[in-house]
Amino acid sequence: MISAAKIRYKNLANFRFTKLGEKYLLTTDTGRWVFLSEGEFKGFLEGTLPRKAPLYERLVADGFIRTKDSDVSEQASRYLELNASLAQGPSLFIFVLTLQCNHRCLYCQVTPEKKGAEGFDMSRETAKKSVDLAFRSPSRHIGIEFQGGEPLLNWSVLKYVVKYAKAVNKTAGRELKISLVTNLTLMDEEKLAFLIREGVSIGCSFDGPDYVHDRNRICLDGKGGSYKPVVKSVKKVQDALALKKLRTKKGFVDNLNAILTTTRFSLPYPKEIVDEYLARGFDNIFIRPLSPFGLQRQTIDIIGYTAEEFIAFYEKALDYVLELNLAGTPFVERNAALALKRILKYKDASYYEMRSPCGAGIGQLAFNYDGKVYTCDEGRMADRMGHENFRLGAVRSERYDDVIDNEVTRTMCLGSSLDNQAGCADCVYKPYCGICPLANFIEYGTIFPQIPNTDRHKINKALFDYLFTKLQDEKYGRVFESWLA
């Protein structure tokens, strides 16, 4: 038992801790972390660690212990590096080109319209004003991401945005990245050639073997399941990217990335899903749980699960991914890799679900097909569900300053700041974590729920517990480092 009277708080900087296995994990606001044994932790608290010991010097260097030589400005610089995106302004702009879709995926967050439905496409005029508004952001990074529905169903406007954004950027001089999220079933040679030529990154949803993918992702075209056309398009895209890499002497060529949305149908097959990704030429997977938006609210009894069930599935998948890496097959789980960038590199991963505050309104904006502007993609999803709370204005009438500086944006910042959340402010994982106030609002009716009781908290905590437990073993640490190389 450590006596409170012996704890020398005056020498200790701000830190958080938890017992993880046989050791104590300590973290600082700058993301530095250390494992201490029972005896080391006691010596740290009581101020009895030998001053010239390597451990003491590390604790001083990493900001756990203050001395007369401690450099506050250095700690501030470290904090800014870990949270760099908070100071740059919105950098991700979602373009909802259409609500039309040829799928009815059971977990769809969007509440789409059927293919051919009229009145749900973004016009060129709205697209132009959206690009103009995006480039008013002070961020040196401008990311344009096409969403839907199925964005390929408004192909002419997609092409227009690509060309117009690049033309604007010749003067603006930003780091411009354009990406497309598609179900791939409508990809043809003409579209693929344009996307590859223009350097548009392509992402898709892929839920694993046909007996999982086809149950989750229902195609309305009357041609059977969506698995076969997706697999066919995956190969076409990967072949085209490989050819471009051979021809490109300079410059980065992105890979095709895919996202797995986990449903109840996925839970028995963590190994099989990873193997399917490998068989289709992917070198990574992004495993995410269900989100409480759109059609998922209507299908939850069919596809839902508990947080504990998802955690068990995710950990089995991660265990298998690590086995593959140790056996010589490089393969990355991207959700874990994003967390590890903050943990191992102390750098901002620019992933809005791991920010405090999150990116709603200050890191991301969503331009709906009708020109309405939302805090984020989830904001426009919430509007489709009848909640207009997260609308910031319209591209036709609003000035950039009015879109950013308003009560909605400020409320989102308050609702997603971990310092304002009971159970988060003193959590050891606070430097690496984040929350979504919109998901909390939809699921619990408030942006200030009891965070420790939410499923997302349980899932995030399990992820960090898993990663830090594995980091105590050098062989897993080397694998994690290779994911960030």
Side-chain angles (χ1 to χ4, degrees), residues 90-105 107-115 117 119-124 126-127 129-131 133-134 142-162 164-165 176-187 191 195 198 200-206 217 230 254 256-261 286 288 290-296 350-353 358-361 363-385 390-392 395 436 438-439:
S91 60
L92 176 61
F93 301 91
I94 305 297
F95 281 60
V96 183
L97 295 184
T98 181
L99 286 186
Q100 293 184 67
C101 192
N102 63 332
H103 279 56
R104 277 301 176 275
C105 303
Y107 51 68
C108 181
Q109 301 177 57
V110 176
T111 317
E113 298 290 334
K114 288 184 179 180
K115 179 181 175 182
F120 298 99
D121 291 352
M122 180 179 283
S123 67
R124 286 198 177 196
T126 297
K129 291 182 178 294
S130 298
V131 172
L133 190 58
I142 299 293
I144 292 175
E145 182 177 295
F146 298 122
Q147 289 272 7
E150 170 48 52
L152 295 182
L153 287 170
N154 194 359
W155 178 245
S156 63
V157 173
L158 187 154
K159 288 196 299 181
Y160 172 77
V161 171
V162 172
Y164 182 61
L176 175 64
K177 180 175 181 179
I178 305 176
S179 58
L180 163 69
V181 178
T182 171
N183 63 40
L184 280 182
T185 57
L186 300 176
M187 186 70 71
K191 294 181 177 64
L195 295 169
E198 297 296 332
V200 177
S201 298
I202 303 172
C204 67
S205 291
F206 186 54
R217 302 185 59 79
V230 167
D254 207 351
L256 172 67
N257 289 317
I259 292 178
L260 164 74
T261 300
F286 194 122
R288 70 176 185 181
L290 292 167
S291 294
F293 299 96
L295 297 183
Q296 185 266 114
S350 296
Y351 181 46
Y352 299 112
E353 293 186 21
C358 75
Q364 176 185 167
L365 293 174
F367 303 132
N368 206 17
Y369 70 94
D370 55 4
K372 294 172 184 174
V373 183
Y374 296 90
T375 55
C376 50
D377 204 21
E378 288 78 9
R380 64 100 177 189
M381 295 172 187
D383 198 350
R384 282 285 284 175
M385 300 171 70
F390 311 103
R391 189 185 300 171
L392 299 178
V395 297
C436 176
L438 268 151

Test ring-ring contact (aromatic ring centres under 6.0 Å, His included) applied to Phe390 - qualifying residues, sequence neighbours left out | Phe441
Do the side chain of Asn183 and the main chain of Thr185 share a donor and acceptor less than 3.5 angstrom apart?
-> yes
Using ring-ring contact (aromatic ring centres under 6.0 Å, His included) as the criterion, list what pairs up with Phe120, not counting sequence neighbours.
-> Tyr369
Separation between CG of Asn257 and CD1 of Ile259, rounded to the nearest 0.5 Å = 8.5 Å
Does any N or O in the side chain of Asn154 come within less than 3.5 Å of the main-chain N or O of Leu97, such that one atom is a donor and the other an acceptor?
-> yes
Of all heavy-atom pairs linking Pro292 and Met385, the shortest is O-CE, 4.0 Å
Carefully, step by step, assess Lys115 and Leu153 under the rule side chain to side chain contact (heavy atoms under 4.5 Å, CB included).
-> CA-CA 8 Å; Lys115 179 181 175 182; Leu153 287 170; 4.0 Å; yes
Sub-4.5 Å side-chain heavy-atom contact between Lys114 and Cys101 = no
Could you grab the distance from atom CH2 of Trp155 to atom CZ of Phe146, nearest 0.5 Å is fine?
-> 9.0 Å
Where Val157 and Ala127 come nearest, the two heavy atoms and their spacing | CG1-CB, 3.8 Å
Report the distance from atom CD1 of Ile94 to atom CD of Glu378, rounding to the nearest 0.5 Å.
-> 8.5 Å
Student check: side-chain heavy atoms of Pro112 and Leu99 closer than 4.5 Å | no
Are any side-chain N or O atoms of Gln364 and backbone N or O atoms of Leu92, one a donor and one an acceptor, separated by less than 3.5 Å?
-> no
Looking only at heavy atoms, what is the nearest atom pair of Cys376 and Ala360, with distance?
-> SG-CB, 4.2 Å
Does the pair Arg104 and Leu295 meet the rule for a side chain to side chain contact (heavy atoms under 4.5 Å, CB included), with working shown?
-> CA-CA 9 Å; Arg104 277 301 176 275; Leu295 297 183; 4.1 Å; yes
Pairwise distance CG(Asp254) to NZ(Lys177) - rounded to 0.5 angstrom = 4.5 Å
Say you draw a straight line from OG of Ser179 to CD of Gln147; how long is it, rounded to the nearest 0.5 Å?
-> 8.0 Å
Could you give me the CA-CA distance, side-chain angles and deciding distance for Leu184 and Ile202, then say whether side chain to side chain contact (heavy atoms under 4.5 Å, CB included) is met?
-> CA-CA 9 Å; Leu184 280 182; Ile202 303 172; 4.2 Å; yes
Spacing of Glu353 atom CD and Cys358 atom SG [to the nearest 0.5 Å] | 9.0 Å
Check each of Val373, Asn368, Asp370, Val131 against Val395 using the side chain to side chain contact (heavy atoms under 4.5 Å, CB included) test, and report the only one that passes.
-> Val373
Quickly, which of Asp377, Leu392, Thr375 forms a side chain to side chain contact (heavy atoms under 4.5 Å, CB included) with Leu365? Name it, please.
-> Leu392
Tell me, which pairs form a salt bridge (Lys or Arg N to Asp or Glu O under 4.0 Å) where one or both residues lie in residues 147-157, sequence neighbours left out?
-> none
Give a yes or no on whether the backbone of Thr126 and the side-chain of Ser130 come within a donor-acceptor separation of less than 3.5 Å.
-> yes
So, for Ile144 and Ala165, which heavy atoms are closest and what is the spacing to 0.1 Å?
-> CD1-CB, 3.7 Å
Any donor-acceptor pair under 3.5 Å from Thr98 side chain to Gln100 backbone | yes
Arg391 and Asp383 ion-paired at < 4.0 Å | yes
Pair Phe206-Val230, side chain to side chain contact (heavy atoms under 4.5 Å, CB included): steps then yes or no = CA-CA 8 Å; Phe206 186 54; Val230 167; 3.9 Å; yes
Do you know which two heavy atoms are closest between Gln296 and Tyr107, and how far apart they sit?
-> CB-O, 4.1 Å
Could you tell me whether a side-chain N or O of Arg380 sits under 3.5 Å from a main-chain N or O of Tyr374, the two making a donor and an acceptor?
-> no
Minimum heavy-atom separation for Gly149 to Val110, with atom names?
-> N-CG1, 3.8 Å
